[in-house]
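First the structure, in the form of structure tokens, and then the observations on it.
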Amino acid sequence: MALTETVPAAAPPAHEGILRRQSLRESAARTYARSLPIVPVRARGLTIEGADGRRYLDCLSGAGTLALGHNHPVVLEAIRTVLDSGAPLHVLDLATPVKDAFTTELFATLPGKLAETARIQFCGPAGTDAVEAAFKLVRTATGRDGLMAFSGAYHGMTAEALAASGGAQHTSVVRLPYPYDYRCPFQTGGERGAELSARWTQSLLDDPKSGVPRPAGMILEPVQGEGGVIPAPDGWLRRMREITAARQIPLIVDEVQTGVGRTGAFWAVDHSGIVPDVIVLSKAIGGSLPLAVIVYREELDAWQPGAHAGTFRGNQLAMAAGAATLAYVRTNGLDRRAGELGRRMLDRLTALAAAHDCIGDVRGRGLMLGVELVDRSADADAMGARPADPQLAAAVQHACLERGLIVELGGRHSAVVRLLPPLTITDEQAEAILDRLADAIAAAVRTTPGPTGSSPTTMRGTSP
Ligand code: PMP
């Protein structure tokens, strides 16, 4: 399959029919299907082929799940081996050789101190269930109730995970400012902005009249993904670790999206060297099949048998696919590769930003990259930031799809174009992704008036 080629073909009626029936029969709450009206029928690596015969470069990767891309041979082989062995596919939380091998492989990758004494809880198969488990664990262990979480966070859609996310409406979770350089709430940005965020956290915890009782735990993402691809500075993560450790507050790090090499280290916490008390894992650890776990310090293991149960905690195919993925990333140094390639892609995005005044910011870590689109006609604030332009972002996403590129939108106002390609992409594929994105941005700028009715043509120069 030629990976970067787009093959326009006459859409067979099946394609239209499937999309029509989907819109008639599926819930109003459906998401990606609205902005990406495609019908995938085959996929390999970075490429998805639609029922209409078109090929797309998939930078959504199952919302960051597909570390090795679609249908990687080692993943398929691991799944086939289990199928051919006659092993049971579903075993609740019973011990099996497949599970044993997965746990051994996972533990081999954990940050030093945690690896020595870690406990693992297999959860229901989604990231959100593992987040719930983490909260239950730290509440039981500390006897405390409250939680601290960050503005812009995303931890899932079940009750407590949602309450800890930035979109929460009714919540008793204490919200702290995440260091967001481009829209720094303290209007300083950089290390100073991050330090002020840390000090605010510290003062809430130490001021006896802050109105914030000592919480059961603090949860954070080392790079906010859905929040708009915002990497936390390593120094800030170390400060959060010191602040929580000094006050016996368990630190829960949500690596659901950042884990398994995505950010240029095996776990995103490895960049800063911090060791969390609890790590929440899902997405890539299942090698494209559903799997979620929490891994935590044994001292926290004070909950009762059955405290966090669930039927689907023993998916053998996911464990086999996950173990194969973890081993492949580790033995092939794909984390380092993601770091190097990500830096080069970010350089090119920075050049793209210099050419387009509708790009307010580009940022990311490893192969988790974001391009924040802004209203090019609006005034910039004191920090140089302009209001987000979700309409333009949607136009860019659409123009990308027309050019055979699948991208996701994220960020506070859905104005950040997100790139989450597989860690296995070649240099050539990375270039193809950026070529199509650059072309799509130029096209969207030509056709989309700014939210304040600005002229639709304000390019700074030639796009790279
Ligand atoms: N945490 C993070 C950081 C995530 O990005 C997500 C999903 N995007 C979740 C938790 C929730 O995972 P799931 O959708 O599998 O419940």
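In listed order, ligands and their atoms are each counted from 1.
- Closest non-hydrogen pair, D389 versus V374, comes out as CB-C, 3.5 Å.
- At the top of the distance list for atom 15 (O) of ligand 1, counting protein heavy atoms only, stands G127 N, 2.9 Å.
- Taking only nitrogen or oxygen atoms, main chain and side chain alike, E221 does not reach within less than 3.5 Å of ligand 1.
- When each of T103, I120, V280 is tested with V295 by the rule side chain to side chain contact (heavy atoms under 4.5 Å, CB included), just one qualifies, namely I120.
- Among all non-hydrogen protein atoms, the one lying nearest atom 1 (N) of ligand 1 is D254 OD2, 2.6 Å.
- Closest heavy-atom contact between V173 and M148: CG1-C, 4.3 Å.
- Remark: distances from the non-hydrogen atoms of Q224 to ligand 1 are all 4.0 Å or more.
- With hydrogens and angles ignored, the 3.5 Å screen pairs a side-chain donor or acceptor of R214 with a backbone N or O of R247.
- Shortest contact from atom 10 (C) of ligand 1 to any protein heavy atom: H155 O, 3.3 Å.
- Scanning both residues, G228 and V416, for their nearest heavy atoms gives O-CG1, 3.7 Å.
- Ranking protein heavy atoms by distance to atom 5 (O) of ligand 1, first place goes to Q257 NE2, 2.7 Å.
- Counting heavy atoms of neighbouring residues, nucleotides and ligands inside a 6.0 Å radius, atom CZ of F186 exceeds 12 of them.
- If you look at K283 next to ligand 1, the close heavy atoms, those under 4.0 Å, all belong to the side chain.
- Distances between N or O atoms of E226 and those of ligand 1 include at least one value under 3.5 Å.
- Less than 4.0 angstrom separates some heavy atom of G156 from each of these atoms of ligand 1: 11 (C).
- Each of L405, V417, L36 was evaluated against Q397; a single residue qualifies, L36, per the side chain to side chain contact (heavy atoms under 4.5 Å, CB included) test.
- Annotation for ligand 1: atoms under 4.0 Å from non-hydrogen atoms of Y154 are 1 (N), 2 (C), 3 (C), 4 (C), 6 (C), 7 (C), 8 (N), 9 (C).
- Looking at T128 against ligand 1, both its backbone and its side chain come within 4.0 Å, counting heavy atoms.
- Residues passing the side-chain contact (heavy atoms from CB on, under 4.5 Å) test with R199, sequence neighbours excluded: R192, E195, R239.
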